[in-house]
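What follows is a short report on a single structure.
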Amino acid sequence: MSEPQIAALPSTEQDSTSPTTDSQAGDLPKESTKSPKSFNTSFSIWPPSQRTRDAVIKRLIETLSNPSVLSKRYGTVPQDEASEAARLIEEEAYSFAAGKATADDDGIEILQLYSREISKRTLETVKARAASDSTTENGSSPPVVSTTTNAETPSVEES
């Protein structure tokens with residue numbers, strides 16, 4: 001295979017390296033003979049700023065304490081309890097994701113992991129709260145999960 005050829009475009013401006021006469025130099029502005037500066041910047045989105053983390057916590061509080069997809073199924077959480085749960089969820093997810101971060105990573109995978117952990121922990125929190133609320137209302141204790149080695153899957157026994 002041959003490499004593609006790039007045709008040179010005709011130049012409409014005078015080349016800055018060509019000699020100029022005094023009359024031409026007065027008519028045209030001098031062009032810099034330096035090459036354009038190349039910026040070697042790196043872009044990393046991990047770790048998130050404290051402002052971003054605070055925004056995540058604020059959004060979690062809203063999700064837990066206001067009507068949402070989760071509250072339709074699991075109920076809403078009181079504001080003070082939602083605030084405490086949101087801070088704990090974010091802190092645990094951040095610690096988990098930070099432990100998986102590497103120096104040569106641009107942060108995208110870690111940020112995705114952080115986001116998944118927040119979602120997972122939020123769901124676990126509302127499920128656990130709904131389960132404890134339903135057992136309190138029924139006046140019964142939560143089901144006991146038996147993990148015997150004889151069965152393929154754990155069985156749930158009512159106590």
Side-chain angles (χ1 to χ4, degrees), residues 1-9 12-13 29 31-32 34-159:
M1 277 189 147
S2 64
E3 293 189 29
Q5 298 290 323
I6 299 175
L9 298 174
T12 56
E13 295 184 23
E31 292 184 27
S32 173
K34 297 179 183 177
S35 63
K37 293 181 181 178
S38 63
F39 294 102
N40 188 10
T41 59
S42 66
F43 178 73
S44 179
I45 57 176
W46 185 263
S49 67
Q50 187 60 47
R51 182 176 171 188
T52 301
R53 292 181 66 192
D54 290 342
V56 167
I57 292 169
K58 182 179 177 186
R59 184 67 182 128
L60 276 171
I61 294 168
E62 290 173 8
T63 301
L64 293 170
S65 63
N66 294 329
S68 66
V69 174
L70 286 176
S71 70
K72 287 180 183 176
R73 182 162 184 161
Y74 301 107
T76 57
V77 179
Q79 185 77 21
D80 59 333
E81 193 177 323
S83 179
E84 184 179 322
R87 290 185 197 292
L88 185 61
I89 289 166
E90 193 282 333
E91 191 175 293
E92 288 176 351
Y94 179 83
S95 295
F96 180 80
K100 304 288 183 182
T102 60
D104 61 336
D105 192 10
D106 65 358
I108 293 173
E109 290 85 11
I110 300 301
L111 193 64
Q112 288 173 338
L113 178 64
Y114 170 69
S115 180
R116 280 193 303 269
E117 280 298 308
I118 287 173
S119 297
K120 181 178 95 175
R121 292 168 192 271
T122 301
L123 189 56
E124 288 171 354
T125 299
V126 295
K127 281 182 174 180
R129 188 176 185 287
S132 70
D133 284 352
S134 67
T135 57
T136 304
E137 290 172 8
N138 295 340
S140 64
S141 60
V144 177
V145 177
S146 172
T147 56
T148 58
T149 56
N150 297 347
E152 288 285 320
T153 58
S155 62
V156 176
E157 301 170 4
E158 291 294 325
S159 49

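Just so it is clear, the values below take in all heavy atoms, side chains as well, and ignore hydrogens, waters and symmetry mates.
Atom CG of Leu123 and atom CG of Leu70 lie 6.5 Å apart (nearest 0.5 Å). In this structure, CD1 in Ile57 is found 6.5 Å from CZ in Arg53, a value given to the nearest 0.5 Å. Rounding to the nearest 0.5 Å places CG of Asp54 at 7.5 Å from CZ of Arg87. Distance OG1/Thr125 to CD1/Ile118: 11.5 Å, rounded to 0.5 Å.
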- Between Glu124 and Lys127, is a salt bridge (charged side-chain N to carboxylate O under 4.0 Å, His left out) present by the stated rule, with each step listed? CA-CA 5 Å; Glu124 288 171 354; Lys127 281 182 174 180; over 6 Å; no

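Minimum interatomic distance between Val77 and Ala82 (heavy atoms only, all atoms of both residues): CG1-N, 3.5 Å. The two residues Ser65 and Gln79 have their closest heavy-atom pair at OG-OE1, 3.2 Å. The nearest pair of heavy atoms linking Leu64 to Thr122 is CD2-CG2, 3.9 Å. Taking all atoms of both residues into account, the shortest heavy-atom contact from Val56 to Glu90 is CG1-CG, 4.0 Å. Contact between Ser71 and Pro67 at its shortest, heavy atoms only, is OG-CA, 3.1 Å.
Between the side chain of Ser95 and the backbone N or O of Glu91, at least one donor-acceptor pair lies under 3.5 Å. A distance-only check finds a donor-acceptor pair linking the side chain of Ser119 to the backbone of Ser115 [under 3.5 Å].
At least one side-chain heavy atom of Pro47 sits less than 4.5 Å from a side-chain heavy atom of Tyr94.
Partners of Thr52 by side-chain hydrogen bond (donor to acceptor under 3.5 Å, both in side chains), not counting sequence neighbours, listed by chain and number: Ser49.
Between Trp46 and the choices Thr102, Ile110, Leu113, the side-chain contact (heavy atoms from CB on, under 4.5 Å) rule is met once, by Ile110.
Within a 6.0 Å radius of CD in Glu84, no more than 12 heavy atoms belonging to other residues, nucleotides or ligands are found.
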